[in-house]
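To start, the structure itself, in structure tokens.
Every heavy atom of this structure was used, including side-chain atoms; hydrogens, water molecules and symmetry mates were not.
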Amino acid sequence: DLREQAPINRRLRGSDGSIRSLATAQLDGWVVAVTGGSRTVQVWDLAAGEAVGEPLTGHDGSVEALAIAGPRDGTAFAVSSSRDKSVRIWDVPGGAVSPRRPSQQIEIVEAVATARSARGQALAITCSHTALQVWDLERGGELVQLTGYDSPVVSVTVAELPEGVLVAAGHWDGWISAWWAAGGIPVSCAEIGDLGAAASLATAKLADGRLVAVAGGWDGKVRVWDPFAGARASEPLTGHTDVVVAVATASTADGRTLV
């Protein structure tokens, strides 16, 4: 409980003994979590600390990345990727694989992000070493390919803006690229550091209205990048002594941005 700064004393344990990925959402006041384990996906009621339904099966490898798109009208989509090189889409909380998009074999997906456009379109963005793709979760159709880079993509994040969904991706060689999801239109591309400088990514909106991407690196530094200017937005944040494997942002009531 963040308000009380105390644990709720409920532990979620994967049905197969492990939790390798996790995403959360609020559906009509019901807070749910979706977890990925060795081969299964599980939906949880966080308030009750209990599993919702049986584990969702179909993956043949560990579920390494999860994201939830939505919610809208009390429903949402969970997107899971596995070491079996497949991406699956589930209805939450129902759990059935969406008939709009069957399981699709691509390659091992490093990260997944989701967003809703200003028109309510549910999107997922998956990144692997050689492909960065935008999925229309409700209507299906051809995947939008985000192109124009040479180095493998290792991280991805999105920002929901009035003019569209912005996608930012971190490359192994220390570059970050940005596109508009609609049509895959490039926005910018710039080098922010050495190898592994963008191992993890998140976006944030600053008090002055600027959108920034926050990148955690293998060198222990956190870099802040302006995707529209294609340039660094501040000096690197320091203090870590090892690789920054995950990064998230939040805004406070008094206008501060926390990383």
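Annotation: side chain of Leu132 is in contact with side chain of Tyr149 (closest heavy-atom distance under 4.5 Å). The closest side-chain heavy-atom distance from Ile176 to Leu201 is below 4.5 Å. For the pair Arg223 and Trp225, the minimum side-chain heavy-atom distance is 4.5 Å or more.
Here OG1 of Thr126 is found 4.5 Å from CD of Gln133. Values are rounded to the nearest 0.5 Å. Note that CG of Leu166 and OG1 of Thr157 are 9.0 Å apart. Values are rounded to the nearest 0.5 Å. Once rounded to the nearest 0.5 Å, the distance linking NE2 of His59 with OG1 of Thr40 reads 9.5 Å. Here the CG-CZ distance, from Asp60 to Arg39, works out to 6.0 Å after rounding to the nearest 0.5 Å. Here Lys221 contributes atom NZ and Leu237 contributes atom CG; the two are 11.0 Å apart, rounded to the nearest 0.5 Å. Atom CD of Glu138 is separated from atom CG of Leu123 by 9.0 Å, given to the nearest 0.5 angstrom.
No single ILVMFWY cluster, assembled from side-chain heavy atoms under 4.5 Å apart, contains both Val259 and Val245. Val224 and Leu206 fall within a single hydrophobic cluster, where Ile, Leu, Val, Met, Phe, Trp and Tyr side chains are chained together by heavy-atom contacts under 4.5 Å. Under the 4.5 Å side-chain heavy-atom criterion for grouping Ile, Leu, Val, Met, Phe, Trp and Tyr, Leu211 is not connected to Val165 through any hydrophobic cluster. In the hydrophobic clustering of this structure, Leu143 groups with Phe77; members are Ile, Leu, Val, Met, Phe, Trp, Tyr whose side-chain heavy atoms approach within less than 4.5 Å, directly or through other members. No chain of hydrophobic side-chain contacts below 4.5 Å, direct or via other Ile, Leu, Val, Met, Phe, Trp or Tyr residues, connects Val154 to Val214.
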Which donor-acceptor pairs under 3.5 Å do side chains of residues 178-197 form with protein atoms, sequence neighbours excluded?
from	atom 1	to	atom 2	distance (Å)
Trp179	NE1	Thr147	O	2.9
Ser188	OG	Pro227	O	2.4

For residues 113-121, which side-chain donor-acceptor pairs fall under 3.5 Å, sequence neighbours excluded?
from	atom 1	to	atom 2	distance (Å)
Thr114	OG1	Ile68	O	2.6
Arg116	NH1	Gly120	O	2.6
Ser117	OG	Arg119	N	3.3
Ser117	OG	Gln121	N	3.0
Gln121	NE2	Asp136	OD2	2.8

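Heavy-atom minimum distance, Ala69 versus Leu137: CB-CD1, 3.5 Å. Between Ser155 and Ala198, the shortest heavy-atom contact is OG-O, 2.7 Å. Between Gly255 and Ala207 the shortest heavy-atom distance is O-CB, 3.5 Å. The shortest non-hydrogen separation linking Gly53 to Gln42 is O-NE2, 3.2 Å. Heavy-atom minimum distance, Asp45 versus Val52: N-CG2, 3.6 Å. Nearest approach of Glu110 to Val153, heavy atoms of both residues: CG-O, 3.9 Å.
Listed for the Thr249 side chain is a donor-acceptor partner under 3.5 Å among the backbone atoms of Thr203. Checking side-chain atoms of Arg20 against main-chain N and O of Gly37 turns up no donor-acceptor pair under 3.5 Å. In terms of modelled atom types and a separation under 3.5 Å, the side chain of Ser151 and the main chain of Asp173 share a donor-acceptor contact. Side chain of Ser82 to main chain of Ser62: a donor-acceptor pair is present (N/O by atom type, distance under 3.5 Å, no hydrogens or angles).
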List the steps and the verdict of side chain to side chain contact (heavy atoms under 4.5 Å, CB included) for Ser177 and His171. CA-CA 8 Å; Ser177 302; His171 306 283; 2.8 Å; yes
Between Arg210 and Lys205, is the side chain to side chain contact (heavy atoms under 4.5 Å, CB included) condition met? List the steps. CA-CA 6 Å; Arg210 285 184 300 156; Lys205 198 164 188 179; over 6 Å; no
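With sequence neighbours left out, Trp175 forms a ring pair (Phe, Tyr, Trp, His ring centres under 6.0 Å) with no residue at all.
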